[in-house]
Amino acid sequence: MLITDIKDWAKKVSLAFLVFALAIILTNTGQATAATTGTCSYYDSYGTLVTCRYLTLSTTDVSAGSSAIYFEQGDLIYYDWQNSGSKHSVGFAVKVTSDSSQVYGLKTAGAGNGNNYGYMYAPSNGWYYLAASCGGGQTGCLGTGKIQTDFP
């Protein structure tokens with residue numbers, strides 16, 4: 001009788017271990033594994049078409065940039081960032097494709113669920129994009145930001 005009880009106990013422990021391992025695997029694969037970018041557009045309450053580009057940093061990304069939007073000199077550029085349980089703060093800013101070393105309106109969204117936004121007026125005609133970097137050049141950030149042609 002004792003050997004049967006040990007075999008039953010071993011089966012239960014093996015099954016519990018398998019369920020635990022599957023839970024860890026499914027939880028980890030549910031997270032983004034690479035920066036993603038995309039486009040969006042909508043009509044605001046005044047009937048104006050708002051165009052935007054978004055960027056999502058995953059926990060394995062150090063930095064990334066969105067695709068670009070064309071702005072004419074003096075156009076309003078709105079940009080924001082929302083973290084989603086990020087281990088570190090995220091620095092984000094607007095850059096122009098003709099000179100990616102030029103940074104406009106550097107902002108920081110705090111770790112955890114921190115957020116921030118900014119706006120500026122395009123200093124010249126050109127293609128502008130949102131750039132983001134995980135705090136201190138690390139990984140472990142998770143969040144989404146956007147650059148758009150008007151206030152939300």
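A quick note: this is a predicted structure, and the numbers were derived from the prediction, not measured. Side-chain atoms are counted along with the backbone in the values below, which use heavy atoms only and exclude waters and symmetry mates.
- Rounding to the nearest 0.5 Å gives a distance of 11.0 Å between CG of L142 and NZ of K87.
- Heavy-atom minimum distance, V94 versus I77: CG2-CG2, 4.2 Å.
- More than 12 heavy atoms of other residues, nucleotides or ligands shown are found within 6.0 angstrom of OH on Y42.
- For the residue pair D80 and L130, the shortest heavy atom distance occurs at O-CD2, 4.0 Å.
- Y54 approaches S66 most closely through the heavy-atom pair O-CB, 4.0 Å.
- Under the rule for a side chain to side chain donor-acceptor pair (under 3.5 Å), the partners of S101 that lie at least two apart in sequence or sit in another chain are D99.
- Counting heavy-atom neighbours within 6.0 Å of F151 CZ, excluding the residue itself, gives a total above 12.
- Annotation: side chain to side chain donor-acceptor pair (under 3.5 Å) contacts of D150 (sequence neighbours excluded): none.
- Of all heavy-atom pairs between N125 and E72, the closest is OD1-CA, 3.2 Å.
- Scanning for ring pair (Phe, Tyr, Trp, His ring centres under 6.0 Å) contacts around Y117 gives Y78, with sequence neighbours left out.
- With sequence neighbours left out, T108 forms a side-chain contact (heavy atoms from CB on, under 4.5 Å) with S89.
- Taking Y70 as the reference, W127 meet the ring pair (Phe, Tyr, Trp, His ring centres under 6.0 Å) condition, with sequence neighbours excluded.
- Partners of K107 under the salt bridge (charged side-chain N to carboxylate O under 4.0 Å, His left out) rule, at least two apart in sequence or in another chain, do not exist in this structure.
- Residues F92 and Y104 are members of one and the same hydrophobic cluster, defined by side-chain heavy-atom contacts under 4.5 angstrom among Ile, Leu, Val, Met, Phe, Trp and Tyr.
- Here Y128 contributes atom OH and T97 contributes atom OG1; the two are 9.0 Å apart, rounded to the nearest 0.5 Å.
- The shortest heavy-atom contact between A93 and V103 is CB-CG1, 3.4 Å.
- Scanning all heavy atoms of the two residues, the minimum distance from N113 to Q82 falls at O-NE2, 2.9 Å.
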